[in-house]
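Values below: all heavy atoms of this structure, side chains included; hydrogens, waters and symmetry mates excluded.
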Amino acid sequence: MQQQARKVRADAERSTARILEAAEEVLSLQPNAPLESIAEAAGLARATVHRRFASRASLEAALADRLDQRYVLALQEARVRTAPPLVAFHRLNEIVFELKLSHRYAMQLDAPLSQAVLDGLDLLFVRLREVGAISATEPAWCRGVHLALLHEVNALPSDSPELAGAAGSSETESRARLLTRCTLGALGGERDAELFRL
């Protein structure tokens, strides 16, 4: 009986993951698409989608929560607690631009970041200050500057001269370099320091 319950739960989790993947794909192309279109893209019955997500709002909340979980994983992958702060900051910026490509619709939901994400970002700005990469002292303000610049760098067209990077750099890498340089500069980093030669 317990094994059967585990199988049902695992099936439900797989169905939910398929729905969220399909929703991200469908809604990034057609933001007003109905749940029926998402069910079709997921290869599931419409009733299954409605059973998991009774409304559009509940689906969007799940997409926002999923994105927030990816942010938490990004902080872990960038090793914001243990890696050299400049390395961690640049890697985090790369991962965030990758997330912006793979979660286009969820990014538009403008959901608040969880406390875990805010704490991770704040820790990173404290560490950047400790190594002299920035002179700004208030982590929450640093975070606000960073997120505002992230929005602006993301809005640049692909052919912007600001994104002209090193030969062979991907667009994601070029955006991450620009964001890293601009954020550190805005927060009191030295323009001619080695840390800007990313």
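When every heavy atom of Ala41 is checked against every heavy atom of Val26, the shortest pair comes out as CB-CG2, 3.5 Å. Leu75 and Ala116 make their closest contact through CD1-O, 4.1 Å (heavy atoms, listed as atom of the first residue, atom of the second, distance). Here the shortest heavy-atom pairing between Leu124 and Pro85 reads CD1-O, 3.8 Å. Here the shortest heavy-atom pairing between Ala106 and Leu63 reads CB-O, 3.9 Å. Thr82 and Arg127 get closest at one heavy-atom pair: N-NH1, 3.8 Å. Smallest separation of non-hydrogen atoms from Ser15 and Leu44: O-CD1, 3.8 Å.
Val49 pairs by the side-chain contact (heavy atoms from CB on, under 4.5 Å) definition with Ile19, Leu35, Ala39, not counting sequence neighbours. Annotation: side chain to side chain donor-acceptor pair (under 3.5 Å) contacts of Gln115 (sequence neighbours excluded): Asp119. When the side-chain contact (heavy atoms from CB on, under 4.5 Å) test is applied to Ala45, the partners found at least two apart in sequence or on another chain are Thr48.
Note: the hydrophobic cluster containing Leu150 also contains Leu67 (ILVMFWY, side chain heavy atoms under 4.5 Å, direct or indirect links). Leu187 and Leu118 fall within the same hydrophobic cluster, defined by Ile, Leu, Val, Met, Phe, Trp and Tyr side-chain heavy atoms under 4.5 Å apart, directly or through other members. By the criterion of side-chain heavy atoms lying less than 4.5 angstrom apart, applied directly or through intervening Ile, Leu, Val, Met, Phe, Trp or Tyr residues, Val117 is grouped together with Leu99 in one hydrophobic cluster. Both Trp141 and Ile134 are part of a single hydrophobic cluster, where members link through side-chain heavy atoms under 4.5 Å apart.
The closest side-chain heavy-atom distance from Phe89 to Val80 is not below 4.5 Å. When side chains are defined from C-beta on, Leu20 counts as touching Leu59, because their heavy atoms get closer than 4.5 Å. With a 4.5 Å cut-off on side-chain heavy atoms, Leu163 and Ser158 do not count as touching. Between Glu171 and Ser174, the closest side-chain pair of non-hydrogen atoms is not below 4.5 Å.
Between the SG atom in Cys142 and the CG atom in Leu147 there is a gap of 11.0 Å [rounded to 0.5 Å]. Rounded to the nearest 0.5 angstrom, Ile38 CD1 and Arg56 CZ are separated by 6.0 Å. A distance of 11.0 Å separates CZ of Phe97 from CD of Glu173, quoted to the nearest 0.5 Å. To the nearest 0.5 Å, atom CG of residue Asp65 and atom CG of residue Leu109 are 12.0 Å apart. To the nearest 0.5 Å, atoms CZ (Arg175) and CG (Leu179) are separated by 10.5 Å. In this structure, the separation between CG on Asp68 and OG on Ser114 is 3.5 Å, given to the nearest 0.5 Å.
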Determine, step by step, whether Tyr105 and Leu29 satisfy the side chain to side chain contact (heavy atoms under 4.5 Å, CB included) criterion, reporting the C-alpha distance in whole Å, the side-chain angles of both residues, the deciding distance to 0.1 Å, and the verdict.
-> CA-CA 8 Å; Tyr105 183 76; Leu29 298 172; over 6 Å; no
Please test Arg177 against His90 for side chain to side chain contact (heavy atoms under 4.5 Å, CB included), starting from the C-alpha separation and ending with a verdict.
-> CA-CA 7 Å; Arg177 283 177 196 252; His90 184 67; 3.7 Å; yes
In sequence, state the C-alpha distance, the side-chain angles, and the governing distance for Tyr71 and Leu92, and then conclude on side chain to side chain contact (heavy atoms under 4.5 Å, CB included).
-> CA-CA 9 Å; Tyr71 271 128; Leu92 179 63; 5.9 Å; no
Tell me, with the steps shown, if Val72 and Gln76 meet side chain to side chain contact (heavy atoms under 4.5 Å, CB included).
-> CA-CA 6 Å; Val72 171; Gln76 293 170 0; 3.9 Å; yes
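Counted within 6.0 Å of CD on Glu40, heavy atoms from surrounding residues, nucleotides or ligands total 12 or fewer; the atom is thus considered open.
Side-chain N or O atoms of Thr180 include one that pairs as donor or acceptor with a backbone N or O of Ala176 at under 3.5 Å.
Residue pairs meeting the side chain to side chain donor-acceptor pair (under 3.5 Å) criterion with at least one member in residues 143-157, sequence neighbours excluded: Asn93-His146, Asp122-Arg143. Residue pairs meeting the side chain to side chain donor-acceptor pair (under 3.5 Å) criterion with at least one partner in residues 17-35, sequence neighbours excluded, are Glu21-Arg66. Residue pairs meeting the salt bridge (charged side-chain N to carboxylate O under 4.0 Å, His left out) criterion with at least one member in residues 92-107, sequence neighbours excluded, are Arg91-Glu94, Arg91-Glu98.
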